Amino acid sequence: MTALLRLFRFLRGSVRALALSFGLLLASTALGLVQPRLIELAIDRGIEAGSLRAILWSAAGIVLAAVVAAGLNLASGYALIRSSQRMGYTMRNALYRKVMGFSFENLDRWRTGELMVRLNSDVNTVRMFVRMGMFIIVQSVIMVAGTVVAMYLTDPGLARVMALFMALILVLFFGVASFIRPLFMRSRVALDALNNTLQENLAGAKLVRAFARQREEIDKFARRNRDLFNISLDVGYKLSLFFPLFFLIAQLATVVVLWSGGTTLISDFLSGAAGNLTLGKLIAFNNYATMAMFPLLMLGMVLNFVSMAMASAVRLEALLAEKAAVEEKPAPLRLPSLKGEIRFEGVSFRYGEGERALDDIDLVIRPGEKLGVIGATGSGKSTLAHLVLRFYDPERGSVRVDGVDVRDLAFDTLRTRIALVLQETVLFSGTVRDNIAFAAPDAPPADLESAAAVACADEFIETSPNGWDTPVGERGSGLSGGQRQRVAIARAVAARPDVIILDDVTSSLDAATERRIVENLYREFRGRTAVIISQKVNTVRHADRIAVMEGGRIAAVGTHSELLELHPTYRTICETQAGLGPGGRAPA
Ligand SMILES: Nc1ncnc2c1ncn2[C@@H]1O[C@H](COP(=O)(O)OP(=O)(O)OP(=O)(O)O)[C@@H](O)[C@H]1O
Ligand SMILES: [Mg+2]
């Protein structure tokens, strides 16, 4: 419940609209209570007394009250719709901002499908609770309180009997609701699982076909779907207990009221005594009793709404409370540009509880240097790059850029002045131009073109029929692997960074193109720092220096010829790679 109440902070901007809505609702509900009184008047003063005037006046009153009540109710609904939609809107934005603030570590832990359910379905559940649930609760409580008072005023004896039945119904509702509540949380979890499966499957749709795994994936989805089906069925069955039980008790109450009221009227009539109860009063009382039952039923239904919203609120609060593993410090240092020195000082790092991915790294990359990084798969090359941009913070030691600990630098400085081309190419749907201009949306076309030229992307862009407007599908579909990599490199170059890091992004390119790109980059980044990570000697051999990584450590640093001479691992790498002659000497 506290989680749900805490989410009400998103209603802060709508306090006045809410107050207006509930004020109008109060007025409209109170007006609704007038009707049975007017019927009582029509019967006792009109029909019994034979006065047509009294009947007409009562009828006019009933119509007027109904019309005004309907108008007030409508206005109240509008105000509430506005408040609840605003709440949903602000909540979604806040959640999205939260997810955008996630560091890589948070992203490693949260699954996409789960986030989608929270941002869509859970937000909607809470919003609907504010729209319907609160409306119904307020209206029902007013109606129940009002009708109980009205019943007491009409006939205290009968009112006591009714109160007993109403209490019975409430107990029943709370009982069933508490019984169902845990099921709602389980149904959300089942929905998460279904969405994760769906999301991963759609993202990997081509892979599934490539391995002819559709049948297995269909089965997997069906299993998740069945879990959700079973829980939903369980919830539905238990929920359906409400109506029959409720109607049973309500009918019983009516019978008891009619019996007890009727016998009183008859005995008064037979004894000739003028009792307190009249036929009009009995009918009015019965009307109030029926009026009291309806909001009770609504309250019962709303209890489940509350349970559902509570389950969603807990999940939303958990997401909102998630702390970004890497956060910008309060008054970070902003630098207009970097000289480009990167220094690792005793840096160790592990992912979660895993093995050390980096182990006591000491490395200085000088301003303007071209550094190659080579090493076997899993040796920690990408991790090294991720730490420079503070995707993760080191467990021990520090990474310094221009002498400043990256933890003191603004994300803006760090991530706009240093461009990292990620190992896994990610493109957005749009055009080739949109993708290259992603980090520099205001760059003039000439800059984009020169960036494309550096990345050798101009060749395929210019020869394709749509040129720069060549559409790129989701995740870069429509382009070849090598074209995607070149667009990604062009995107980084177009951002005009002071440092560029390429994480194994020439793997899909032929040797000649790769070589041209590396040469272009060296020329383009003359005076600026460039780090080129690769598993291939040919990619890094012309760098000023090459760092060799082995099992999370820097095994050696030196020029190609130095390493070839001095470092056995490097020599072995050279020898095993195709195109390199005996003794590790590459053919000219
Ligand atoms: N997000 C992650 N969560 C957990 N472990 C990870 C994660 N990313 C990498 N690792 C582990 O950290 C180690 C270093 O990985 P890293 O990606 O830095 O290697 P790499 O040298 O870039 O390899 P490759 O040449 O294959 O790209 C590996 O053992 C890997 O399994
Ligand atoms: Mg890597």
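For ligands, and for the atoms within them, numbers begin at 1 and follow the listed sequence. Everything numeric in this text was worked out from a predicted model, so none of it was measured. Residue numbers start at 1 and run along the sequence shown.
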Cationic N near anionic O, under 4.0 Å, Asp503 to Lys381
no

Let me check your reading of the structure: within less than 2.8 Å of the Mg ion (ligand 2), is there an N/O/S atom from Gln423?
yes

Does this structure show an ion pair linking Glu519 with Arg515, if we count only N-O contacts that are shorter than 4.0 Å?
yes

Between Arg545 and Glu562, is there a salt bridge with N-O shorter than 4.0 Å?
no

Do the rings of Tyr570 and His560 sit parallel, tilted or perpendicular, given the 30° and 60° boundaries?
perpendicular

Would one find more than 12 heavy atoms of other residues, nucleotides or ligands at under 6.0 Å from atom OH of Tyr351?
yes

One should read off an interatomic distance between Arg571 CZ and Leu564 CG, to the nearest 0.5 angstrom, of 7.0 Å

Using a strict cut-off of under 4.0 Å between a residue heavy atom and any atom of ligand 1, list the qualifying protein residues by chain and number.
Asp108, Tyr351, Ala357, Ala376, Thr377, Gly378, Ser379, Gly380, Lys381, Ser382, Thr383, Tyr392, Gln423, Gln535

Taking backbone and side chain together, does Ser382 place any N/O/S atom at a distance below 2.8 Å from the Mg ion (ligand 2)?
yes

Are any of the side-chain heavy atoms of Val347 and Arg396 separated by less than 4.5 Å?
no

